[in-house]
Amino acid sequence: MNSFEDVWKQALEKLEAISPILYQIYYSKISNIEYSDGVVVIRTDSDYLKQIIEHQLIGELSDTLAEIMGFAPHIDVELFEPGAPAPVPPDDNMTFERFVEGPSNTLAYNAAKHVAEAPGTAFNPLYIYGHSGLGKTHLLLAIKNEVAKTNPFFNIIYISGENFTNDLIVHMRHKDMAAFHDKYRSADVLLVDDIQFIQNKVQTQEEFFHTFNALTQSGRQIAVTSDVPPNKLPTLNERLRTRFEAGMIVDIGAPAEETRMAILQNRFAERGLKVPAYITEYIARSITSNIRKLEGAVVQLDAICSLSGGEPTLEDAKRIVGGLAENTLPPEITTEKVLSTVSEFYGVTQEDILSEKRTANVAEARQISMFAIRETTQLGLQSIGALFGKQHSTVHHSIEKTQKRIQEDPAFSSHVSMIIKDIRGEY
């Protein structure tokens with residue numbers, strides 16, 4: 001391979017094969033691109049294309065480049081006006097208003113909102129963790145935008161753990177550590193995405209530790225995201241781990257079906273798309289564990305409608321879902337697995353759960369089993385009812401009762417989240 005031009009040509013060929021519609025609408029429009037020292041810079045004069053790349057296409061683009069290059073380069077997208085560089089505008093799209101709240105993210109949402117409303121007063125640091133594509137970055141940027149709106153003179157720094165490391169390397173190379181310290185220790189709010197990137201990096205952790213102390217000791221806010229909780233980062237500096245654990249740690253789980261439906265409906269409405277309810281439900285029930293993939297489906301459906309000039313069809317939705325299948329629910333999750341997990345958790349037998357017994361622990365295990373089957377399998381209410389010997393209306397009532405309790409009782413919500421994660425093999 002002679003140059004990055006060769007890499008980019010191969011990447012476009014792969015992307016066209018993977019997503020011909022997205023290629024025609026978006027990827028083929030990327031023309032101003034540079035590569036240096038592990039960083040790919042894409043420049044565009046279209047703010048719309050910039051937003052699409054950053055929030056819908058960057059994962060697929062990064063994976064494709066990594067397949068060709070042997071490593072995943074960092075990707076920056078810059079907005080410019082032809083003939084004159086222009087500053088990149090803030091990402092105003094990521095707000096609390098656009099974040100769809102549900103049982104799996106209520107605690108994280110409320111904690112982030114509290115931080116945005118009163119930075120530095122509580123939940124400091126705020127540590128949000130969960131799998132990729134569930135809304136962690138959205139919440140971090142929502143904090144940034146809300147604080148900027150209510151405190152226009154605050155110095156707010158939003159950066160990824162990877163870029164924090166890269167910035168440190170640049171300052172070390174130029175022997176200008178004083179400027180590095182001034183930059184980060186003068187922040188009123190420091191937001192670091194994917195903090196797990198700094199583990200294994202001794203100097204980066206040391207600098208972040210001192211930055212952490214300088215900010216929190218002077219009442220300024222720190223919020224970070226990670227794919228796992230602090231105690232699951234084995235090579236994280238112990239001093240940093242204890243400081244993260246002294247703050248507020250919240251997780252984001254996979255969204256419930258109702259939440260996925262609401263996300264799709266909101267995003268369709270934002271684009272002026274009229275999508276029949278059965279198509280929305282099909283997508284929501286097919287893509288279960290990644291909000292970014294849901295939003296990617298919206299982008300693709302919008303592109304199809306733009307090209308055809310017609311209304312979306314179920315066949316369109318099926319083609320889109322097929323292209324996103326790698327992140328849909330694993331097929332090995334069965335009712336047997338759900339019942340086994342719940343029965344072990346409650347110390348009752350599967351036969352008890354499926355029986356008519358009404359003791360408190362058995363009744364609760366039964367309700368959670370119905371809820372978990374609905375959340376982690378493709379079974380509908382009638383099929384679940386048949387399994388338990390109940391009418392579908394009874395199953396619906398049990399699920400609604402469980403959802404209401406999840407919303408009202410944080411301890412119970414955490415309890416159910418643990419069971420769902422265990423079923424999905426997320427531990």
Side-chain angles (χ1 to χ4, degrees), residues 3-5 7-16 18-19 21-69 71-95 98 132-133 135-145 148 156-167 169-170 191-194 197 225 267 270-271 290-300 302-303:
S3 68
F4 186 73
E5 288 184 9
V7 172
W8 184 243
K9 183 179 178 181
Q10 286 189 38
L12 287 179
E13 290 173 354
K14 287 180 176 290
L15 290 166
E16 184 176 16
I18 295 169
S19 307
I21 294 170
L22 291 183
Y23 174 83
Q24 184 175 349
I25 298 293
Y26 301 118
Y27 289 123
S28 64
K29 304 295 191 297
I30 300 174
S31 58
N32 190 335
I33 186 166
E34 294 179 3
Y35 172 77
S36 179
D37 296 330
V39 178
V40 173
V41 179
I42 297 171
R43 295 185 178 88
T44 175
D45 61 357
S46 167
D47 183 56
Y48 176 72
L49 180 58
K50 176 179 182 291
Q51 298 293 330
I52 291 295
I53 295 171
E54 288 183 328
H55 302 299
Q56 308 295 346
L57 308 180
I58 199 161
E60 185 173 65
L61 185 55
S62 177
D63 290 345
T64 303
L65 288 171
E67 185 179 338
I68 299 168
M69 301 172 73
F71 69 95
H74 177 75
I75 300 174
D76 280 333
V77 188
E78 297 181 357
L79 186 69
F80 77 100
E81 295 178 4
V88 179
D91 188 354
D92 296 329
N93 205 32
M94 295 298 184
T95 63
R98 287 189 76 248
S132 176
K136 303 188 302 295
T137 298
H138 189 140
L139 287 179
L140 219 56
L141 288 170
I143 293 173
K144 170 181 175 287
N145 290 324
I156 308 166
I157 296 178
Y158 167 84
I159 194 168
S160 69
E162 180 180 9
N163 281 347
F164 183 86
T165 299
N166 293 339
D167 201 15
I169 292 170
V170 169
L191 308 167
V192 183
D193 217 353
D194 291 324
F197 185 86
T225 68
R267 300 301 181 258
E270 288 171 357
R271 292 170 175 269
N290 192 308
I291 294 171
R292 195 171 293 134
K293 289 292 183 181
L294 283 177
E295 296 188 332
V298 174
V299 172
Q300 293 192 44
D302 190 14

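No experiment lies behind these values; they were computed from the predicted model shown. All residue numbers in this chain count up from 1 along the given sequence. Any value given below was found using the heavy atoms of this structure, including those in side chains, with hydrogens, waters and symmetry copies removed.
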Chemist: Please list, chain by chain and in numerical order, all residues satisfying side-chain hydrogen bond (donor to acceptor under 3.5 Å, both in side chains) with Ser132, sequence neighbours excluded.
Modeler: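 Checked Ser132 against side-chain hydrogen bond (donor to acceptor under 3.5 Å, both in side chains); matches are Arg292.
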Chemist: Quick one: list whatever passes side chain to side chain contact (heavy atoms under 4.5 Å, CB included) with Ile33, sequence neighbours left out.
Modeler: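 Here the qualifying residues are Phe4, Trp8, Val40, Ile42.
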Chemist: Counting N and O atoms only, with roles assigned by atom type, does the side chain of Thr225 sit under 3.5 Å from a partner on the main chain of Asp194, one being a donor and the other an acceptor?
Modeler: yes
Chemist: Look only at the side chain of Asn145 and the backbone of Met94, and say whether a donor-acceptor pair between them is shorter than 3.5 Å.
Modeler: yes
Chemist: Got a sec, which residues hit side chain to side chain contact (heavy atoms under 4.5 Å, CB included) with Arg267, two or more places apart in sequence or on another chain?
Modeler: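 Counting only residues at least two positions away or on another chain, Arg267 forms a side chain to side chain contact (heavy atoms under 4.5 Å, CB included) with Arg98, His138, Ile263, Glu270, Glu295, Val298.
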Chemist: Do Ile53 and Tyr26 have side-chain heavy atoms sitting under 4.5 Å apart?
Modeler: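 No, their side chains stay 4.5 Å or more apart.
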Chemist: Look up atom CD in Gln10 and atom CG in Leu15, then write down how far apart they are to the nearest 0.5 Å.
Modeler: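 Between atom CD of Gln10 and atom CG of Leu15 there are 11.5 Å.
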Chemist: Applying side chain to side chain contact (heavy atoms under 4.5 Å, CB included), name anything that partners Asp302, two or more places apart in sequence or on another chain.
Modeler: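 Partners of Asp302 by the side chain to side chain contact (heavy atoms under 4.5 Å, CB included) criterion, ordered by chain and then number, come out as Tyr48, Arg271, Leu273, Ser306.
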Chemist: How long is the straight-line distance from CD1 of Ile68 back to CG of Asp63, given to the nearest 0.5 Å?
Modeler: 11.5 Å
Chemist: Testing the basics here: between Lys50 and Val77, what is the closest heavy-atom pair and its distance to 0.1 Å?
Modeler: CE-O, 3.4 Å
Chemist: Can you name the salt bridge (charged side-chain N to carboxylate O under 4.0 Å, His left out) partners of Glu67, sequence neighbours left out?
Modeler: Lys14
Chemist: Could you tell me if the side chain of Leu65 sits less than 4.5 Å from the side chain of Val7, heavy atoms only?
Modeler: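 Yes, close enough: below the 4.5 Å cut-off.
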Chemist: Rounded at 0.5 Å granularity, tell me how far CD1 in Ile30 sits from CD1 in Ile52.
Modeler: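 The CD1 atom of Ile30 sits 11.0 Å away from the CD1 atom of Ile52.
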Chemist: What's the separation between atom OG1 in Thr64 and atom CD in Glu60, rounded to the nearest 0.5 Å?
Modeler: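 Reported value, rounded in 0.5 Å steps: 5.5 Å.
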Chemist: Can you tell me if Lys9 has over 12 outside heavy atoms packed within less than 6.0 Å of its NZ?
Modeler: no
Chemist: Can you name the residues that form a side chain to side chain contact (heavy atoms under 4.5 Å, CB included) with Thr137, not counting sequence neighbours?
Modeler: Leu141, Tyr158, Asp193
Chemist: Taking atom NZ of Lys29 and atom OH of Tyr23, what is their separation to the nearest 0.5 Å?
Modeler: 9.5 Å
Chemist: Rounded to the nearest 0.5 Å, what separates atom CD1 in Ile143 from atom OG1 in Thr95?
Modeler: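 Those atoms lie 13.0 Å apart.
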